[in-house]
Amino acid sequence: MQRGERISQILVALATIALVALPVVAATFGSTYAVTLATRLLIYGMVAVSLDLIIGYGGLISFGHAAYFGLGGYTVAILAFQLAEGVPIFGYDGTNEALVAWPLAMLVSGLAALVFGALSLRTSGAYFIMITLAFAQMVYYVFVALKYYGGDDGLAMARRNTLGGARIVDPQIFYYICLGLLAAVIFLVGRFTRSRFGMVLTGARMNERRMAALGFSVMRYRLVAFVIAGMIAGLGGALWANLARFVSPDMMAWTKSGEFMVMVILGGLGSLFGPVLGAAAFILVESTLSELTEYWQVLFGPVVVLIALFAPRGLWGWLTVRRRGA
Amino acid sequence: MTFRTLMLAGAAAMALCGPAMAQVKIGFITTLSTPAGYLGEDARDGFKLAVDQEGGKLGGVPVEVIVEDDKLKPADGKQIAEKFLQSDKIKLFSGIIFSNVAGAVVPGILEAGGIYVSPNAGPSNFAGKGCNANYYVTSWQNDNLHESAGALAKKLGYKKMVLLAPNYQAGKDAIAGFKRLYGGEVIEEIYTALDQTDFSAEMAKIRAAKPDAVFQFHPGGQGIAFLKQWQQAGLKDQIPMVVAAPSLEQKIAAAVGDAAVGVAATTHWNTDLPNAQNKAFVEAFRKKYNRDPTVYASQGYDAALLIGAALKATGGKLDEKPFREAMLKADAKLVRGDFKFGTNQHPIQDWYEVKAVKGADGKVTLQTVGKVVEKLQDSYAKDCKL
Amino acid sequence: MQLLIEQILNGLQLGGTLFLLAAGLTLVFGIMGVINLAHGSLFMIGAYGAAIVAGKTGSWGLGVIAGLAAAALVGVLIELVVIRRLYARDHLYQVLATFGLILFFNGLVAMVVGRAPLLMETPKVLSGFVELLPGIPYPTYRLAVMGVGLAVALGLWFMIARTRVGMLIRAGATHRDMVSALGVDIAKLYTFVFGLGALLAGLAGIVVGPIRSVQVGMGEQVLIMTFVVIVIGGIGSVRGAFVGAMLIGMADTLGRAFLPGLLKMHMSGALADGLAGALSSVLIYIVMALVLVVRPRGLFPVGG
Amino acid sequence: MSALHIAGLVKRFGALTATDDLNLSVAENELHAIIGPNGAGKSTLIGQITGEIQPNSGTITMFHTDVTRWSVPQRSLAGLARSFQITQLCQGFTAEDNVALAIQARQGSSFRFFADARKDRRLRDPARAALARVGLADRADRLVEELSHGEKRQLEIAITLAMTPRLILLDEPMAGMSHDESQKIVALLSSLKGTATIVLIEHDMDAVFALADRLSVLVSGRIIATGTAEEIRVNPDVRDAYLGGDA
């Protein structure tokens, strides 16, 4: 354990240095694409961390996490759209200000997570997986049918949100904003998981019956975790909308939820930093394979199967924990 | 171990396509996976055929076509475009099949100073106010597909019709487009669900509504399912059907078989168009790929020919003004016949009526019946300030 | 009135198709506890096998045999290579591994067979109509689909309730140790059950081939709906799958048939169209959510 | 005053009546043992006392409060603590974590998100004390999965004690223990007598007769006799139904 912790600390330190230095290095090589790509990794990493809170720590296998990601993105895009069109929404003119739009995105995703979570958490096991999927599908189809916001074609954002009135066009600045927010998310989720709340959440995963007998109403703790995860995913969606300056129902497709799950497991369940690594590895492997061959699925599918079969601890566990006798 | 080696392989692959070469690179972002993968495959193969016929050149300029699968996900398409733009320094793009992918990808390309030549999708938001000097559509503006079908329904004398389309943007555009040139009475508009594969409920409704004819827009697999079920429901011999090209192209006809026979469709290209270029194209395509080309293959081919004509005039330079001047001349003999760009850089072209017929070999193919509309231009061009 | 009867028939027919898909899925889940997302891939393989062989030989019968054999064979193969390593694992890993299998099979079929949809015609005997009620000609093939669904339901019931294999299956679901103690090779039993599930998926693929499009990714379009069915019915319950399939078939068909009209009575046309479209798309999910909120383990819960 | 009062309790599973008009009263600070042959309905009874199983009819009263419709956590917070027949522990946590959770449950809401629970002395000190009481002080930092079977049983009891309960329900606490380990538990339970109400379900007759103030005999879902060890030993119904049935 001790040794594993030291390795983790070294890895995190190295990764932090690399991530902070990345735009500078990229600039010297004249590669702006590296920054865009890295920003994407940070955002997916953030969503994966949020999903890890409920899957890895809470043991709640949500197959609909993309819904909260998408709702966050749509909130930001719709607010900007309403402002641009000059049409108020629910009596509100809309906004292009990140300090307003991003918290609102988290609020919308959090509210959705509250409602869907409260209903879903009545079930467990495979039923929970399927009902979370069902709710995500509902959101997906609603946005497909919302012609006013582009329906299936999606909704473009003419420009990025402003942050405190300042424009954030520069990809490097936007990258650092995402990096800062990801660091904040990891810090907070890390605190949550070690707190009393986290002990209850984790304990309920390990033995729900025991926790109930101790006097914990586990559903309430799970619901709060579900809402927190939804809010973080919503923030991720808001950032994504700003990065891509485009949202579409595709953000909430069930395959997207599946991809987030792959990222979490690939990185390592319940490992806090692992999901970020998992997101990075996922995107790199997928894009590399689809560059190599148009039949990338034939290679990528087995990779996913192998992860599921042989990498229960994920990349992070593989890097930090040395198995006995190995 | 697995991941380390994979990532190394990936890094090596990325390193290989690093430095720029003297040739013109064309980023071809298209849909190769998902059920709609055959559309992108054909567009790509048509495009590549034109390049291969010139021995790796277009208009005498060496080109490298870099193809990648957008997986029918707008975000993935955008990601690929960014990589092409920023990492591979590509300026010239083509290949996108679906409007939603185009909606996400095209603005980024144009802002970065790139040029986009569409071989398929022609969404309305880039045709009117949103038109752009570096954006060309060589296929059709989306509405044209359905406008021509509306014109055909009018020509065939159908007075009362039922219209069906999926409940998303393209479906709604289809019905609006159809009505523009149809002019007759629409008894009912029925919207089907995305991914719906069983249409029995809708067909019972149509039977009850007793229209003169029906227009439906369901591209790809949905269209195949619709035609099969239409025949099984016994409606094929009772109610005539009019469709636009995406709902009945060569592959759909082959996959549906008997159920397609007798259905009327409109298209701007067909295998049997009698011009010399087309005959040569169809023959070359069959020879190279051992299958019949679809309308998507013809569009990929024509897009390549138009790019080639422009490259020839500029000597491979992609500077905005000369390239645009050359491109707009459309100085190429296209397989579809006459072609002109409108002011919004979308096509002005003829539309034909085709019918599915069963050949002596039992295969169902599309046969051209005649022209439906001549020199059709889209209704958005007037809003374009170019 | 005629229209209503016809739409109810349509609902039953869709339910029959869904049941064919759901039966194999629920069987595999009920007995081995495995969530198999790749069920849709087996469905696709069945349809492809049948379409290719029927197309080459011109014989529908040979096509059916080929489709069933292909699906069962691939099913047994993935059980031996992948699925059996997942029995003791968390659902999470099952979802993940079978998600990977979907990608693999979609890529493989596109690579080997090609991306274009395949031709699969209705068998000649079944291509006519039957006039069930005056003025409602109903496609023979669709009646046949209902018949196959019903036959599979009865066959499964008979097998599970009345045969030795069925006894072992029932016992294996609840008392693994006991079955092992009886000297039955539980690994073989599981391979058999998974193969049977695959066979049923393949059968569903063959049956819908002439109604729908035989193409890459055809499995995923129906996969989620199938999961909705078995979740409503109670995962693992064949009876539940039957009831769930009928319920969803009805809800989906009747929703699409009558919702727009109902809404138009109360609001403007365009709004009604939009709302009806969205509502009928999500109707089955609403039904599922309602059922689960009231009965968190489905209509026919299985096991303790 | 009775700590636990059960009246007319009925639970049916289909055709099977697992609890059949059961009546039971346990006085405050009494150690009350429930014995019965296999299949008598002990698990179902425990399930209903703890709230995991809802009865078809009848009432359960704890310290004069009707708790029949209360949830498991509600009953726990009202002062009921139980040990499980088959150990129910959080496997991935250390022994101390497991006990600390029990203490945490008694310190109000756990919606506290920021402070590190493992460095919280308000949780850790009492947890160590409870572990020391059952003789597990030196195993505090071990993961549960590394403990022996007997140690897990001891941990179960440490958790139960840490809940500072008014009513303790022990479901076969000595099952699978060695003789020495059982003796330790018997000594521990004796030391608890008089400080809390204990309901003990146990197969080890020596332990039961040594510890219990009173015994109830459960057969086919009914209590057929209640009394002191002596009374039960000579009760002809018990001999007939219980000991006879066992042979």
Side-chain angles (χ1 to χ4, degrees), chain A residues 26 30-37 40 73 137 140-141 143-147 150-158 171 240 243-251 253 255-256 266 280-281 283-297 299-300 302-303 306-307 310-311 315 318, chain B residues 1-3 6-7 9-14 17 30 32-34 37 40-41 44 66-80 82-89 98-108 111-112 123 125 166-173 191 193-195:
Chain A
S31 166
T32 44
Y33 177 64
V35 177
T36 330
L37 184 69
R40 179 171 290 120
Q137 288 289 100
Y140 171 78
Y141 281 113
F143 278 92
V144 165
L146 267 183
K147 183 182 158 80
D152 189 43
D153 282 352
L155 183 61
M157 278 174 79
W240 175 266
L243 174 70
R245 285 187 296 134
F246 179 80
V247 292
S248 72
D250 168 63
M251 284 174 85
T255 45
K256 194 102 226 155
L266 177 56
I283 291 176
L284 289 178
V285 171
E286 194 201 35
S287 60
T288 307
L289 288 181
S290 50
E291 264 170 51
L292 282 179
T293 165
E294 59 182 270
Y295 300 107
W296 56 276
Q297 291 173 316
L299 297 173
F300 192 59
V303 170
L306 289 173
I307 294 166
F310 301 115
L315 284 173
W318 178 61
Chain B
M1 265 312 276
T2 328
F3 299 110
L6 269 176
M7 291 211 251
M14 277 199 234
C17 39
T30 198
L32 295 173
S33 49
T34 80
E41 181 182 41
R44 177 201 61 189
I66 305 175
V67 182
E68 228 176 284
D69 180 10
D70 62 34
K71 300 155 200 162
L72 222 172
K73 294 180 191 168
D76 284 50
K78 195 168 164 77
Q79 181 178 333
I80 298 165
E82 277 165 10
K83 183 177 64 187
F84 282 174
L85 279 166
Q86 296 169 358
S87 188
D88 299 312
K89 310 287 177 210
F98 290 92
S99 297
N100 56 346
V101 180
V105 173
V106 168
E111 275 166 37
N125 42 340
N167 187 31
Y168 56 81
Q169 196 55 38
K172 288 166 184 167
D173 289 350
Y191 290 96
L194 186 74
D195 288 347

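Predicted, not measured: the structure shown is a model, and the values here were computed from it. So you know, we letter chains A, B, ... as the sequences are listed, proteins then strands, and number each from 1. Hydrogens, waters and symmetry mates are skipped; everything else that's a heavy atom, side chains included, is used.
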Take A:Glu294 and B:Val67, measure what side chain to side chain contact (heavy atoms under 4.5 Å, CB included) needs, and give me the verdict at the end.
CA-CA 8 Å; A:Glu294 59 182 270; B:Val67 182; over 6 Å; no
Taking all non-hydrogen atoms of both residues into account, name the closest pair between [X] and [Y] and its distance.
X	Y	answer
B:Pro74	A:Phe246	CB-CE2, 3.3 Å
A:Asp250	B:Ala75	OD2-N, 4.2 Å
B:Gln86	A:Thr36	OE1-OG1, 2.9 Å
A:Ala244	B:Lys78	O-CE, 2.6 Å

Heavy-atom distance under 4.5 Å between the side chains of A:Arg245 and B:Pro107, does that happen here?
no
May I ask you to test the B:Lys71-A:Thr255 pair for a side-chain heavy-atom distance under 4.5 Å?
no
Atom group of B:Glu82 that falls short of 4.5 Å from chain A, counting heavy atoms:
both
Proximity breakdown for B:Asn125 and chain A, heavy-atom pairs closer than 4.5 Å:
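For B:Asn125, no heavy atom lies under 4.5 Å from chain A.
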Please check if any side-chain donor atom of A:Ser287 sits under 3.5 Å from a side-chain acceptor atom of B:Gln79, or the reverse.
no
Measuring from [X]:[atom1] to [Y]:[atom2], what's the distance to the nearest 0.5 Å?
X	Y	atom1	atom2	value
A:Leu155	B:Asn100	CG	CG	13.0 Å
B:Leu32	A:Thr293	CG	OG1	9.5 Å
B:Asp173	A:Lys147	CG	NZ	5.5 Å

Contact origin within [X] toward chain B - heavy atom pairs under 4.5 Å:
X	answer
A:Phe143	neither
A:Ile283	side chain
A:Ser248	side chain

Among A:Ala156, A:Pro249, A:Ala34, A:Gly150, which residue forms the greatest number of heavy-atom pairs with chain B at distances under 4.5 Å?
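Of the options given, most contacts go to A:Gly150.
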Quick one: which of A:Leu243, A:Asp152, A:Val247, A:Leu299 has the most heavy-atom pairs under 4.5 Å with chain B, could you say?
A:Asp152
